[in-house]
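What follows is a short report on a single structure.
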Number of protein chains: 2
Amino acid sequence: MKTQLKKGTLDMCVLAALAAGDSYAYELVGILSRTMEISEGTMYPLMRRLQAEAWVSTYLVESASGPSRKYYTLTAEGRRQLSWMQQEWREFVNEVNAVLGLAAGAGTGEAS
Amino acid sequence: MKTQLKKGTLDMCVLAALAAGDSYAYELVGILSRTMEISEGTMYPLMRRLQAEAWVSTYLVESASGPSRKYYTLTAEGRRQLSWMQQEWREFVNEVNAVLGLAAGAGTGEAS
DNA sequence: ACCATGTACCTTGTAAAGCAAGGTATGTGT
DNA sequence: ACACATACCTTGCTTTACAAGGTACATGGT
């Protein structure tokens, strides 16, 4: 139900996961799913976008137990992008929290 | 450019602003604009949604210097919704920050 | 009288993103 | 032969933010 909140953050999350080491889409779903909900239908189009932006590059690796895996590596530009996104993310969180602070003093003790 | 990040948070922000006191759409744009970017084209449809969900109710007030203002008040359900949204927001921020933490140890010192 | 400006409301169409549902193919175990 | 896990992918839907445009009232300047 918090689908909307994720908009715009998943790119950053995937880049962050890739900063910890190369991975492939199917595995990334598993990795991120430990912390947050994300589905394959989200991941595959997302990876295409990241590649279109040249934030990641790919290489194929045969698997001993299944079809080949399409690994993704962060590019230098991807690393820069991650850094930028994290900055924007922190700014945004601060902005929202500041607005939430508006409500802090109000309505809590409504006894006349 | 961080349009996507806002998805899902603006409802909450508006409800929070209304928790600090009744207001009308045009004024809310001004209030929130002190902290974050938001446009009228976003606000008016948003207010309709809030009302459709019964999180706010409205009343008209004539203005001395312009057309009548459509004031919005938080309903009891709106207050509950705000509380719920804030909880989800905090959870979500924690989740994202946890994922960003994955990258913390990697790639920072890439010597050898 | 006329017009610009500020206030205040609103709608339409576009773009982006997440997701459920479905589909394909490979390898392993029964 | 069949089921299952792995691993890839696409289509169509939904929600949301926003730019652009439109209406109407009140005030001040010329």
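Below, read A as the first sequence line, B as the second, and so on, with proteins coming before strands; counting in each chain starts at 1.
- To the nearest angstrom, C1' of dG18(C) lies 14 Å from CG of L50(A).
- Residue S63(B) places no side-chain N or O under 4.0 Å from the OP1 or OP2 atom of dT7(C).
- One finds a side-chain N or O of Y26(B) lying less than 4.0 angstrom from the OP1 or OP2 phosphate oxygen of dT7(C).
- Judged purely by distance below 3.5 Å, without hydrogens or angles, the side chains of D11(A) and W55(A) never pair a donor atom with an acceptor atom.
- The residue T42(B) sits close to a base: some heavy atom pair falls under 4.0 Å.
- When each of S68(A) and R48(A) is assigned the nucleotide of DNA chain D bearing its nearest heavy atom, the one mapping closer to the 5' terminus is S68(A).
- If R69(B) and Q4(A) are placed on DNA chain C by their nearest nucleotide, the residue sitting closer to the 5' end is R69(B).
- Rounded to whole angstrom, the span from the CD atom of E95(A) across to the P atom of dA17(D) amounts to 15 Å.
- Between the side chain of T75(B) and the backbone N or O of A54(B) there is at least one donor-acceptor pair closer than 3.5 Å.
- Between E40(A) and P45(A), the closest heavy-atom pair is O-CD, 4.2 Å.
- Base engagement by K7(B) is indicated by at least one non-hydrogen atom pair under 4.0 Å involving a base atom.
- Here dG18(C) presents its P atom at 10 Å from CE of M43(A), a figure rounded to the nearest Å.
- Taking atom NZ of K70(B) as the reference point, atom P of dT11(C) lies 8 Å away to the nearest angstrom.
- Proximity of K2(B) to the phosphate of dA17(D): no side-chain N or O atom is located under 4.0 Å from OP1 or OP2.
- Between E27(B) and D22(B), the shortest heavy-atom distance links the atoms OE1-O, 4.5 Å.
- For dA20(C), one of the phosphate oxygens OP1 or OP2 lies less than 4.0 angstrom from a side-chain nitrogen or oxygen of S39(A).
- Nucleic acid contact for E27(A): none, since no nucleic acid atom lies under 4.0 Å from a heavy atom of the residue.
- Comparing atom distances between the K6(A) side chain and each of dG18(C), dA7(D), dC9(C) picks out dG18(C) as nearest.
- If you measure from atom CG of L46(B) to atom P of dT11(C), you get 14 Å, rounded to the nearest angstrom.
- Rounded to whole Å, the distance from CD on E40(A) to C1' on dT10(D) is 12 Å.
- Within the 4.0 Å cut-off from OP1 or OP2 of dA8(C), at least one side-chain nitrogen or oxygen of Y24(B) is found.
- Residue Y44(B) contributes atom OH, which lies 16 Å from atom P of dT23(D) at whole-angstrom precision.
- Contact between the side-chain N/O atoms of R49(B) and the OP1/OP2 oxygens of dT15(D) is not found at any separation under 4.0 Å.
- The hydrophobic cluster containing Y71(A), built from Ile/Leu/Val/Met/Phe/Trp/Tyr side-chain heavy atoms closer than 4.5 Å, also comprises Y24(A), Y26(A), Y44(A), Y59(A), V61(A).
- Listed candidates were dA17(C), dA7(D), dC18(D). Nearest to the side chain of T3(B) is dC18(D).
- For the pair E62(B) CD and dC25(D) P, the interatomic distance rounds to 12 Å; values are reported in whole Å.
- With respect to E95(B) and K6(A), no salt bridge is recorded, no charged nitrogen being found less than 4.0 Å from a carboxylate O.
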